[in-house]
> 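Here it is, the structure, as structure tokens.
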Amino acid sequence: MTQFLMTAFHVLVFPGALFCVVIGILLAGIDRKLVARMQNRVGPPLLQPLYDVLKCWGKETIVPRHARRGLFLYAPLVGFAALITTALFIPVLSYTAYSTGGDLVVILYLLTLASVTMMVGAAASGSPFAGVGLSREMVAMISYELPFVLVLLAVGKVAGEGSALGCTFSLQTIVNWQAANGSILFHWSMIPAAIAMLMVIPCEIGMHPFDVAEAETEICEGMLAEYSGAPLAVFKLSHCVKMYVMTALFCAMFLGGLSTGIVVLDVLLVIVLCTVVTFVSMTVPHAVCARLKVEQVFKFYWTVVAGLAAISAILVWFGL
């Protein structure tokens with residue numbers, strides 16, 4: 001019974017659903033507020049993302065006449081569940097709910113699943129706008145997956161040096177290595193990988209200027225064009241949760257050595273760190289860059305970002 005209650009607490013409260021939703025909404029609100037101030041605007045209230053979700057939740061859910069009803073309605077829920085599951089594997093600096101030998105592999109697949117569910121929902125809607133958004137999302141996934149995998153390999157090699165495989169895919173092992181040897185971010189050979197990861201984050205989340213799959217002014221929000229009511233609210237909530245998941249993943253991979261050892265203080269510290277990562281990786285590009293074209297996104301990630309990640313991967317695999 002105790003084990004069941006602890007599992008329920010992890011999944012529903014911390015570091016699961018409630019914690020992810022609260023921090024995700026906070027990060028989304030801070031991002032919107034900072035972008036507005038950088039553009040000399042007042043901006044929306046800090047809790048505007050929450051208001052948006054609640055407003056959508058209270059609206060009628062309209063299912064298109066030619067949509068595949070089951071896929072259309074359940075795709076958002078599967079994507080949201082995948083993101084919450086992802087959060088369970090990400091250490092909050094010193095605190096880990098669940099850990100396996102292949103956390104990074106599991107996280108990679110769960111993040112892909114979250115994106116695939118959006119594409120499944122878009123395909124099920126039967127909308128031509130959603131079809132265009134679906135094709136753009138596929139290109140975006142192909143673009144950022146290569147540098148993302150290279151970053152994971154570089155980090156795993158650094159923390160897994162001396163192990164049987166010479167590489168680790170356990171986030172807990174990576175965090176423990178940083179606690180003993182210092183944060184990976186401060187190792188000179190990993191700086192290019194850290195920069196690459198910061199560039200992967202906004203495209204993985206679908207933030208401006210890499211939001212080619214939604215592009216409100218071009219294809220009417222693309223994959224979400226036919227969504228309304230509660231399913232749209234779940235997608236918006238997933239977007240906020242993904243902001244937390246990706247920034248927390250960066251903190252675990254590159255800043256794990258900064259842990260205080262006290263859970264409450266670690267939670268506060270990870271919120272601050274996630275806010276800083278959000279500002280650097282999402283807010284600044286959003287404020288200063290125009291939306292990129294699909295071909296520009298692909299070229300940028302397979303040349304500049306993949307190149308940075310490859311530099312770190314090569315350096316660490318040669319022991320530098």
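Side chains are part of it too, since the values below use all heavy atoms of this structure and drop only hydrogens, waters and symmetry mates. When a residue number appears, it is its place in the shown sequence, counting from 1.
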> Do you know which two heavy atoms are closest between P64 and S125, and how far apart they sit?
CB-O, 3.8 Å
> Roughly how far apart are L83 CG and L110 CG, rounded to 0.5 Å?
8.5 Å
> Does a sphere of radius 6.0 Å around CZ in R68 hold more than 12 heavy atoms from other residues, nucleotides or ligands, not counting ones at 6.0 Å or beyond?
no
> Are L27 and V270 connected into the same hydrophobic cluster when the rule is that any two of I, L, V, M, F, W, Y join if their side-chain heavy atoms are below 4.5 Å apart?
yes
> Any heavy-atom pair between the side chains of F169 and L152 that's under 4.5 Å?
no
> With a 4.5 Å cut-off on side-chain heavy-atom distances among I, L, V, M, F, W and Y, is there a chain of contacts connecting I174 to V149?
yes
> Supply the atom-to-atom distance C20 SG to F80 CZ, rounded to the nearest 0.5 angstrom.
8.0 Å
> Work out which heavy atom in T61 is nearest to a heavy atom in P231; give both atom names and the distance.
OG1-CD, 3.4 Å
> Indicate yes or no for a side-chain donor-acceptor contact from H208 to the backbone of C289 under 3.5 Å, with no hydrogens or angles considered.
yes
> How far does CD1 of I23 sit from CD1 of I30, to the nearest 0.5 angstrom?
9.0 Å
> Can you list everything that forms a ring pair (Phe, Tyr, Trp, His ring centres under 6.0 Å) with F148? Sequence neighbours excluded, please.
none
> Does any part of the side chain of H187, heavy atoms only, come nearer than 4.5 Å to the side chain of V316, both counted from C-beta?
no
> Knowing that exactly one of V53, L77, L73 qualifies, which makes a side-chain contact (heavy atoms from CB on, under 4.5 Å) with V234?
L77
> Return the minimal non-hydrogen interatomic distance between L292 and V212, and the atom names on each side.
O-CG1, 3.2 Å
> Can you run down the ring-ring contact (aromatic ring centres under 6.0 Å, His included) pairs that involve residues 212-235, sequence neighbours left out, and say none if there aren't any?
F72-Y227, Y227-F235
> Applying a strict under-4.5 Å side-chain criterion to I, L, V, M, F, W and Y, I'd like to know whether V175 and L153 cluster together.
no
> Under the salt bridge (Lys or Arg N to Asp or Glu O under 4.0 Å) rule, collect the residues that match up with K236, sequence neighbours excluded.
none
> Would you call L146 and Y301 a side-chain contact if the rule is heavy atoms closer than 4.5 Å?
no
> Quick one, D211 with I205, criterion side chain to side chain contact (heavy atoms under 4.5 Å, CB included). Give me CA distance, side-chain angles, the key distance, then yes/no.
CA-CA 8 Å; D211 55 339; I205 299 172; over 6 Å; no
> Counting C-beta onward and ignoring hydrogens, is there a side-chain heavy-atom pair between L273 and F250 closer than 4.5 Å?
no
> Applying salt bridge (charged side-chain N to carboxylate O under 4.0 Å, His left out) as the test, list every pair that has at least one member in residues 46-67; sequence neighbours left out.
R32-D52
> Hey, what do you get for OG1 (T85) to CD1 (I90), rounding to the nearest 0.5 Å?
11.0 Å
> Looking at residues at least two apart in the chain, or sitting in another chain, which of them share a salt bridge (Lys or Arg N to Asp or Glu O under 4.0 Å) with D266?
none
> Show every salt bridge (charged side-chain N to carboxylate O under 4.0 Å, His left out) that has at least one partner inside residues 191-205, sequence neighbours left out.
E204-K242
> Would a distance-only check, ignoring hydrogens and angles, find a side-chain to backbone donor-acceptor pair under 3.5 Å from S189 to S312?
no
> List the steps, then state whether side chain to side chain contact (heavy atoms under 4.5 Å, CB included) holds for L26 with L46.
CA-CA 7 Å; L26 180 63; L46 186 63; 4.0 Å; yes
> Might you confirm whether atom CZ of R69 has over 12 heavy atoms from other residues, nucleotides or ligands at distances under 6.0 Å?
no
> Test of understanding: with side-chain contact (heavy atoms from CB on, under 4.5 Å), list the residues that count as partners of A225, not counting sequence neighbours.
S127, F129
> Taking the ring of Y144 and the ring of F210, is the distance between their centroids below 6.0 Å?
no
> In Å, rounded to the nearest 0.5 Å, how long is the span from OG of S281 to CD1 of I195?
13.0 Å
> Does the side chain of W177 reach to within under 4.5 Å of the side chain of T168, using non-hydrogen atoms?
no
> Where do P76 and S238 come nearest, in terms of heavy atoms and distance?
O-OG, 4.3 Å
> Could you tell me which residues satisfy ring pair (Phe, Tyr, Trp, His ring centres under 6.0 Å) with W57, sequence neighbours excluded, listed by chain and number?
none
> Is there a path from V78 to V63 through hydrophobic residues (I, L, V, M, F, W, Y) whose side chains come within less than 4.5 Å of each other?
no
> Between A36 and G43, which heavy-atom pair has the shortest distance, and what is it?
CB-CA, 3.3 Å
> With T112, which residues qualify under side-chain contact (heavy atoms from CB on, under 4.5 Å), at least two apart?
V116, M141, E145
> Rounded to the nearest 0.5 Å, what's the gap from CD1 on I311 to CG on L150? Could you check?
11.0 Å
> Looking at side-chain heavy atoms only, is the closest gap between H10 and P15 below 4.5 Å?
yes
> Are L249 and I107 packed together at the side-chain level, in the sense that at least one heavy-atom pair is separated by less than 4.5 angstrom?
yes
> Going by heavy atoms in the side chains, are V155 and M190 under 4.5 Å from each other?
yes
> Run the side-chain contact (heavy atoms from CB on, under 4.5 Å) test against T283 and tell me which residues pass, sequence neighbours left out.
D31, L34, V35, M38, T278, F279
> Count I, L, V, M, F, W, Y as connected when their side-chain heavy atoms are under 4.5 Å apart, and connections chain through other members. Are I62 and L232 then in the same cluster?
no
> Can you name the closest pair of heavy atoms from G79 and A114 and give their distance?
O-CB, 4.0 Å
> List the steps and the verdict of side chain to side chain contact (heavy atoms under 4.5 Å, CB included) for V139 and V297.
CA-CA 8 Å; V139 173; V297 171; over 6 Å; no
> Write out all pairs satisfying salt bridge (charged side-chain N to carboxylate O under 4.0 Å, His left out) with one or both partners inside residues 124-142, taking only residues at least two apart or from two chains.
R136-E218
> Do any pairs count as a salt bridge (charged side-chain N to carboxylate O under 4.0 Å, His left out) and have a residue in residues 295-307, sequence neighbours left out, and if so which ones?
none
> Check this for me: F14, atom CZ, are more than 12 non-hydrogen atoms of other residues, nucleotides or ligands nearer than 6.0 Å?
yes
